[in-house]
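Comments concern the structure below.
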Amino acid sequence: MKFEPLPQARRKVPHVLAVEVDQPGTKRYLRLTHCFTGACFCQWVTNAAGARDASRPLRFSWDEITQMESDGGVWGRLSLPYELAKPLDENTPDAADAGWRIIEPLVNLFKRESNLARNRYSHLATQRALELGIALKTVKRLLSRYYYFGQEHAGLRMLTPGRRPMELSERRALGTAGAADQPGDQDEDSGTVAHERQVATRERPGPRASVEAKFGKNTFIVSPEDIQDMVARLASMATKKRTFVIEAYSEYLKIDFKRRHPVLFKGVAEGKHPIPVSKWQYRRYVNEHLVLTKDVARNLRTRSAKATGEGSLDSAGPGDIYEIDATGGRIVLVTSGESPRVIATPTIYVILDRWSRFIVSIYVSLKAPSWDEARYAVLIAFTSREKRFSTLGVDITNKRWPVGRVCSVLRRDRGSELTSESMDKAVSGDMRIDPSTLPSVTPNGKAIIERFMRTLKGWMARNVKGSYAERPMDLHAKRAAKQAKQITVHSLAELYRALIDFVEKYNNTPHSHLKKLGVLKQAGIAPTPQAAYIWGSENITGARVSSYSDGDMQKLMLGVDQASTGGGELRYKSRRYVPANPAARAFLASRPAARRALQVRVDKTFPHELYVERRTEWPRFTMVSADKRALGYLSLDEYDALTPVANAETRDLEHEQLRAEVTAAPAARRPTIDVDRSVPSQRQLADDRQAETTALKATLTGKEHPQARSSPTETKPTAKSSIPEWKRREEEKRATALAKLQKSRRE
C-alpha cells in the first residue's frame with residue numbers, strides 16, 4: 001500500500017493522515033471513516049496484512065486531529081494492494097459481492113454516530129450474524145476490512161495468504177520466487193525434490209510457531225500438490241462415513257504427507273522437525289478448495305456457527321461436581337463363528353469431573369439400565385483399577401488411571417435408574433455425596449458429559465469394529481449399522497480394552513477448556529484432564545480420598561442376588577465358593593446339610609468373591625480355582641447373556657443329530673446263521689477258548705498259526721468225526737424213537 005500526499009483531501013472520508021512517530025522517517029497512517037459535527041471516527045492502517053487484525057473505527061475529537069496536523073501530519077491517500085486492485089478476467093464473478101451483501105445493511109446503520117458506540121456496534125453486528133446464521137467474527141472482520149481499505153468494494157476480496165505477503169513481481173525481481181511461481185514446465189520434479197527446490201528459493205511465510213524453539217525451524221511450504229492431497233483425504237473420508245476436519249487432518253499427515261515427503265516425515269517422527277502443516281493451515285486450504293458434493297456434505301461435521309464456544313459450567317474445582325450419564329454405545333456383541341448370533345446391546349455408564357474433564361469411571365453393562373447397574377459405575381470410580389480390570393484381561397494401573405476422589409455433588413438427569421431411593425441411600429447417606437437431580441427439560445444442565453458422549457461415540461465408530469456413530473434413521477445410517485453388526489466385537493473384555501485405551505488417551509490429551517485456565521498456566525501444569533485433576537484436587541479443592549477401603553466400598557455398592565448352601569459349600573450360578581474367613585466357615589457350619597437358598601451380595605465386575613450380609617463381620621467366600629478358569633475373562637453379565645445363545649446352539653446341534661438319525665436309510669437285515677444249540681462240555685469250552693486265544697495272539701504278533709505248523713503225519717479226521725455232535729445225537733434219538741414206534745405196532 002503506497003501513500004500519496006494529497007493536501008486537498010484534508011479531513012475528507014476516506015483519506016488518511018500520515019503522522020510522524022518518534023523514529024525519524026517512520027510514519028503512521030490514520031484513515032478517516034466517519035465525520036460528524038463534534039467528532040470523527042478513524043482506523044489505524046499499516047500494510048495489507050494488517051487488515052486481518054484491524055479493529056472497529058475509534059472515536060477521535062477534532063482537537064486531537066488538529067494536534068496531529070500541527071505536529072507535521074500530512075493528508076493523502078493509500079492505494080489498494082495489487083491483489084485487490086488488479087482487474088478481474090471477463091465473466092469472472094467478483095468474490096467481494098458475497099461479503100458486501102452481508103455488511104451492506106450495517107454500513108447504512110453506521111452512518112449514524114450513536115450506532116458506532118462500542119456496545120451498539122457489537123449488538124448490531126451480532127444481530128446481523130444471527131439473522132444470516134454465520135459467525136459473528138466473520139461479520140466484524142468484513143466490516144473492519146471494508147473501512148480499512150477506504151470503503152472500497154474491492155477491499156472485500158481475498159488477500160494473499162501470509163502475514164508478510166510480497167508482490168509476485170517483486171519476488172521474481174529479487175530472485176526469491178518459489179518453484180510454484182516460476183513459469184514453464186514443472187512436471188519434471190515432484191515430491192520431496194520439488195519441495196526442497198522450493199524451500200531453497202524462499203522461506204515459509206507467516207509467524208513462527210512456538211514449538212520451533214524445541215523442534216527446530218519449520219521450513220515446509222505448501223505446494224498445490226499438497227493442497228490436492230488435503231482436499232482428497234477429507235473428501236474420501238467424508239464420502240464413506242461421518243468425518244470431522246480434525247480427523248481428516250490427522251489421517252492426511254499419517255498417510256498422504258508421509259507418502260509425498262518421506263524424508264521430512266522421518267524428521268518429524270524423530271523429533272527433529274515440527275509438524276509441517278498446522279491445523280489452521282489445513283482448515284483454511286480445505287475450506288477454500290473443497291467441493292461439497294452430496295455425499296461429502298451429508299457426512300462432513302464442523303462446529304455450529306451459532307455456538308458460543310464457551311462450553312463451561314460452574315464448578316469450583318476438581319471433585320466439586322461430577323456428572324453421570326448412560327448411553328447405548330451403538331454397538332452389539334455377537335458370537336464368533338460361521339453363523340453369529342446377537343448376544344446383547346451394551347449400555348455404557350460414564351462419570352466425568354466437570355472442572356477438569358477427567359473421566360473418573362466407565363462401566364459397560366449388558367443389562368437394562370437400573371440402579372443395580374449404575375452403582376457399579378460409582379464403585380469403579382473410587383476403587384482400585386488394577387484389581388478390578390485384571391479379571392477381564394485389561395492392562396491398566398492406578399498410576400496410569402488414578403482412582404477418583406469423592407465428589408461433593410453428583411449431577412444426574414431424571415432417569416429412573418439414577419433417581420431411585422437405593423442410590424440416594426448409598427450415595428448421600430453412606431458416602432456423603434449430594435445427588436443433584438436436574439429439572440425437567442434442562443439437558444444443558446450436564447452439557448459437558450453430553451458433549452463427551454458424542455466424542456465417545458465418534459471415537460468408537462472409528463476405532464471399535466462393529467460400532468456406528470449415526471442413529472439408524474435414514475437409508476445410509478441403517479446400511480452403516482447393518483454392516484457394522486457383521487464385524488462387531490465378540491466379548492465384553494475386548495470392548496473394555498478399547499474403551500480404557502480411549503480413557504487413558506483422553507485423560508492425557510490437552511483440552512481446549514483447560515488451555516484457558518490461568519491457574520494452570522501460572523502453576524505450569526499441562527492442560528490435560530488428568531494433570532489438571534490431580535493438581536487441582538491437591539491445591540484448589542482438596543478433594544478427599546474415600547475413607548472406605550476397597551472392601552468397604554464394595555459392601556456399600558454390591559448388588560443383591562440369590563445363592564444356595566449345602567454340602568459344606570456355597571453355590572452361586574452353578575459355581576462353587578469356599579469360605580475365605582472364619583465368619584464364612586462358622587456360617588456354613590450353622591447352615592443345614594440340605595441345600596437352602598439365601599441372599600448374597602456380589603460384584604458382577606469382580607465375581608471371584610461374594611459376601612453374606614450380617615450385622616457383625618460379613619462372611620466372605622471365594623470361587624474355587626477350577627470355576628475361575630472356566631469363567632475366564634467373562635463378567636457375570638456377559639456369561640448370563642451368552643447362556644441363552646449357547647443353549648440355543650446346543651439345541652440346534654441336538655436337533656440336527658436327531659434329524660439325521662430319524663431320516664437315515666434303514667439298516668439291512670442281518671443274515672440268519674445256523675447255530676449249534678447243543679450244550680458243549682466245560683472241557684470243550686475251555687479248549688475252544690484256548691484255541692481262539694492262541695490264534696488271536698499269533699495274528700497280532702505276526703507269527704504262524706499253530707495249526708499251520710502241524711506234523712505232516714497227522715491223520716486227517718474221519719468222515720464220522722466230521723459230523724457235528726448235535727446232529728449225531730439227534731440221529732440217535734430219532735432212531736430210538738422209531739424203534740419204539742415199530743415195537744408198539746407189533747404188539
Side-chain angles (χ1 to χ4, degrees), residues 1-21 27-81 84-85 96-132 134-157 159:
M1 298 174 65
K2 185 178 179 181
F3 176 74
E4 179 184 357
L6 194 65
Q8 61 269 28
R10 182 176 182 269
R11 299 190 179 186
K12 292 183 179 180
V13 177
H15 296 295
V16 298
L17 177 64
V19 183
E20 293 188 356
V21 293
K27 293 184 178 181
R28 295 184 65 190
Y29 301 101
L30 185 68
R31 184 182 295 279
L32 187 64
T33 60
H34 298 82
C35 287
F36 300 104
T37 303
C40 63
F41 285 80
C42 307
Q43 265 186 330
W44 289 107
V45 181
T46 55
N47 53 16
R52 295 187 173 91
D53 301 320
S55 62
R56 63 179 180 85
L58 303 177
R59 188 179 188 278
F60 286 82
S61 65
W62 287 117
D63 293 339
E64 292 175 320
I65 300 298
T66 302
Q67 183 64 37
M68 293 180 187
E69 293 173 342
S70 61
D71 291 341
V74 179
W75 286 95
R77 60 185 177 187
L78 282 175
S79 61
L80 282 176
L84 300 182
D97 293 342
W100 174 246
R101 287 194 293 269
I102 293 175
I103 64 173
E104 182 180 10
L106 295 175
V107 172
N108 296 329
L109 290 173
F110 291 148
K111 292 179 180 179
R112 296 182 57 182
E113 182 179 0
S114 59
N115 288 337
L116 288 170
R118 183 179 61 182
N119 57 347
R120 187 64 180 168
Y121 183 93
S122 298
H123 172 73
L124 293 174
T126 303
Q127 292 298 320
R128 183 60 176 170
L130 294 175
E131 178 183 352
L132 299 178
I134 61 177
L136 175 61
K137 184 183 293 186
T138 301
V139 177
K140 288 187 174 181
R141 282 186 174 181
L142 287 173
L143 283 170
S144 299
R145 176 180 290 191
Y146 176 73
Y147 292 121
Y148 189 91
F149 289 117
Q151 304 182 30
E152 292 286 345
H153 186 78
L156 299 177
R157 296 173 183 169
L159 289 169

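Just so you know, these numbers use all the heavy atoms, side chains as well, and skip hydrogens, waters and symmetry mates. Sequence positions, counted from 1, serve as the residue numbers for this chain.
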For residues 63-74, run the donor-acceptor check on the side chains, cut-off 3.5 Å, and write out each pair with its distance to 0.1 Å, sequence neighbours left out.
from  : atom 1 : to    : atom 2 : distance (Å)
Glu64 : OE1    : Ser61 : N      : 3.1
Thr66 : OG1    : Arg11 : NH2    : 2.8
Thr66 : OG1    : Trp62 : O      : 2.8
Gln67 : NE2    : Asp71 : OD1    : 3.2
Gln67 : NE2    : Asp71 : OD2    : 3.4
Glu69 : OE1    : Arg10 : NH2    : 3.2
Glu69 : OE1    : Arg11 : NH2    : 3.1
Glu69 : OE2    : Arg11 : NE     : 3.2
Glu69 : OE2    : Trp75 : NE1    : 2.7
Ser70 : OG     : Thr66 : O      : 3.3
Ser70 : OG     : Gln67 : O      : 2.7

Enumerate, atom names and distances included, each donor-acceptor pair closer than 3.5 Å involving a side-chain atom of residues 1-8, sequence neighbours excluded.
from : atom 1 : to    : atom 2 : distance (Å)
Glu4 : OE1    : Arg77 : NE     : 3.2
Glu4 : OE1    : Arg77 : NH2    : 3.4

Would you mind writing out the side-chain donor-acceptor pairs for residues 96-110 within the sub-3.5 Å range, not counting sequence neighbours?
from   : atom 1 : to     : atom 2 : distance (Å)
Asp97  : OD1    : His153 : NE2    : 2.9
Asn108 : ND2    : Glu104 : O      : 3.4

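Smallest separation of non-hydrogen atoms from Gly155 and Leu84: CA-CD1, 4.1 Å. Taking both residues in full, the closest heavy atoms of Cys40 and Cys35 are given as CB-CA, 4.4 Å, listed atom of the first, atom of the second, then distance. The shortest heavy-atom contact between Ser144 and Ala54 is OG-O, 3.5 Å.
In this structure, Asn119 and Ser122 have side chains that are not in contact, with every pair of non-hydrogen atoms separated by 4.5 Å or more. Residues Lys12 and Leu32 are not in side-chain contact: their nearest non-hydrogen atoms beyond the backbone lie 4.5 Å or more apart. Between Leu116 and Arg120, every side-chain heavy-atom pair lies at or beyond the 4.5 Å cut-off.
Applying the ring-ring contact (aromatic ring centres under 6.0 Å, His included) rule to Tyr147 yields the partners His34; only residues at least two apart in sequence or on another chain are considered. Judged as a side chain to side chain contact (heavy atoms under 4.5 Å, CB included), and not counting sequence neighbours, the contacts of Arg59 are Ala39, Phe41, Glu113. With sequence neighbours excluded, no residue forms a salt bridge (charged side-chain N to carboxylate O under 4.0 Å, His left out) with Arg141.
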Open item on the list: Determine whether Phe149 and Val45 satisfy the following criterion, side chain to side chain contact (heavy atoms under 4.5 Å, CB included), listing intermediate values before the conclusion.
Closed with: CA-CA 9 Å; Phe149 289 117; Val45 181; over 6 Å; no

Task: Derivation of the side-chain hydrogen bond (donor to acceptor under 3.5 Å, both in side chains) call for Ser55 and Tyr148 - done: CA-CA 9 Å; Ser55 62; Tyr148 189 91; over 6 Å; no

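When atom types are taken as modelled, the side chain of Arg145 and the backbone of Arg157 share a donor-acceptor pair closer than 3.5 angstrom.
Judged by distance alone, the side chains of Tyr146 and Thr33 never bring a donor and an acceptor atom under 3.5 Å apart.
Judged by the 6.0 Å distance and 45° axis criteria, Arg31 is not positioned over the aromatic ring of Trp44.
Interatomic distance, CG of Leu30 versus CG of Leu17, reported as 6.0 Å (0.5 Å rounding). Rounded to the nearest 0.5 Å, atoms OG1 (Thr46) and OH (Tyr29) are 10.5 Å apart. The distance from the CG atom of Leu156 to the CD atom of Gln151 is 11.0 Å, given to the nearest 0.5 Å.
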